[in-house]
Amino acid sequence: MKLKTLVFALAAAAIVSGNAFAQAPIVIKFSHVVANDTPKGKAADRFKELAEKATKGRVKVEVYPNSTLYKDKEELEALQLGAVQMLAPSLAKFGPLGVKEFEVFDLPYIFPGKDVLYRVTEGQIGKDLFKKLEPKGITGLAYWDNGFKVMSANKPLRTPADFRGLKMRIQSSKVLDAQFRALGANPQVMAFSEVYQALQTGVVDGTENPPSNLYTQKMHEVQKHVTVSNHGYLGYAVIVNKKFWDGLPADIRTALEGAMKDATKYANAIAQQENDKSLDAVRKSGKTEVYVLNDKEKAEWRKALLPVQTSMAGRIGPDLIQAVNKEAAALGYK
Ligand code: LMR
């Protein structure tokens, strides 16, 4: 057989077998700090499924849940270094990055309802906040919801005075620090992965989180009392390393944007039901008392905590707080 014919025959065989053009997939390492069975955990898995399908396998998403790859603080550093490509940190964790405006989401009672939250995250305010990440080498892709927080401790928490002197674990947010100081408590910043053990050993007395995080980290096993206060919000920014994202082929980036859009719809659709399910499971466990604040108690908590919006205006920016309150007014909230 002539050499030319042989070369063509070998090339044809390689193409048919797919070897000739098989390129290694683009790998997205997606690290997060919560359990799989949470709104964020489920949404990360859904994004993996959608992204690999939309890119026909040209992208492979490796999800590393529950702090298995990086804990809170390290994950943002890893993203900036390009050691991981995607994260979905709590909005309360961007202050140390120098983008303190994100702490607007931590202000007690800043969102009278989820409808206000979505107007913020899906509107110009959300876009403007993402722009502040760009100089840090980070691109914001989406906001994922995880709902309102409950409080927990080993004593009943019914009035602001009940918090006096308690060591309360918080995320790395100056607003959350101010929140607990307004209650006379002693806030302690700690990585999410360390909270269960700190509660178990008494390093801290209590904490706050949406029920899905409390339950899936088994905090109800080491906290005798949970108060359904809904005093504050906890959500996420899904972010990527900017250099990685800008360097993707345009068609791949477009496919991933579509996958992220659908994963975000899914994340926000399941958040409330997942948290309701977790709160029910905490009740059924019989290990902790679940107390729902009555209207009088809610008014007392608001009175104690609303001043944090004023005291932290200098850090967050009064205009930003006003813009969020304007969104609430546009929806008829007083
Ligand atoms: C926490 O640290 O309490 C939460 O941000 C964990 C999470 O990502 O939901």
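As the structure lists them, so they are numbered: ligands from 1, and atoms in each ligand from 1.
Looking at Y236 next to ligand 1, an N or O pair under 3.5 Å apart turns up. Note: an N/O pair closer than 3.5 Å links R169 and ligand 1 by distance alone.
The residue V195 has no part lying near ligand 1, judged by heavy-atom distances below 4.0 Å.
Salt bridge absent: K261 and E257 never bring a charged side-chain N and a carboxylate O closer than 4.0 Å.
Close contacts of ligand 1 with V34, meaning ligand atoms under 4.0 Å from a residue heavy atom, involve 6 (C), 7 (C), 8 (O), 9 (O). Heavy-atom proximity to N209, at under 4.0 Å, picks out these atoms of ligand 1: 1 (C), 3 (O). Annotation for ligand 1: atoms under 4.0 Å from non-hydrogen atoms of S90 are 5 (O).
When only non-hydrogen protein atoms are considered, atom 4 (C) of ligand 1 lies nearest to Q171 OE1, 3.5 Å. For atom 8 (O) of ligand 1, the closest non-hydrogen atom on the protein side is K40 NZ, 2.7 Å. Regarding atom 2 (O) of ligand 1, its nearest protein heavy-atom neighbour is K93 NZ, 2.7 Å.
Between F105 and F111, the gap from one ring centroid to the other is short of 6.0 Å.
No donor-acceptor contact under 3.5 angstrom links the side chains of D37 and Y215, judged on distance only. Between the side chains of N213 and Q217, not a single donor N or O lies within less than 3.5 Å of an accepting N or O. A side-chain donor-acceptor contact under 3.5 Å links E297 and N294.
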Go through the steps to decide whether S90 and Q171 satisfy the test side-chain hydrogen bond (donor to acceptor under 3.5 Å, both in side chains), and finish with yes or no.
CA-CA 9 Å; S90 164; Q171 304 170 83; 2.5 Å; yes
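For the ring-ring contact (aromatic ring centres under 6.0 Å, His included) criterion with F94, the lone passing option out of F130, F102, Y236 is F102.
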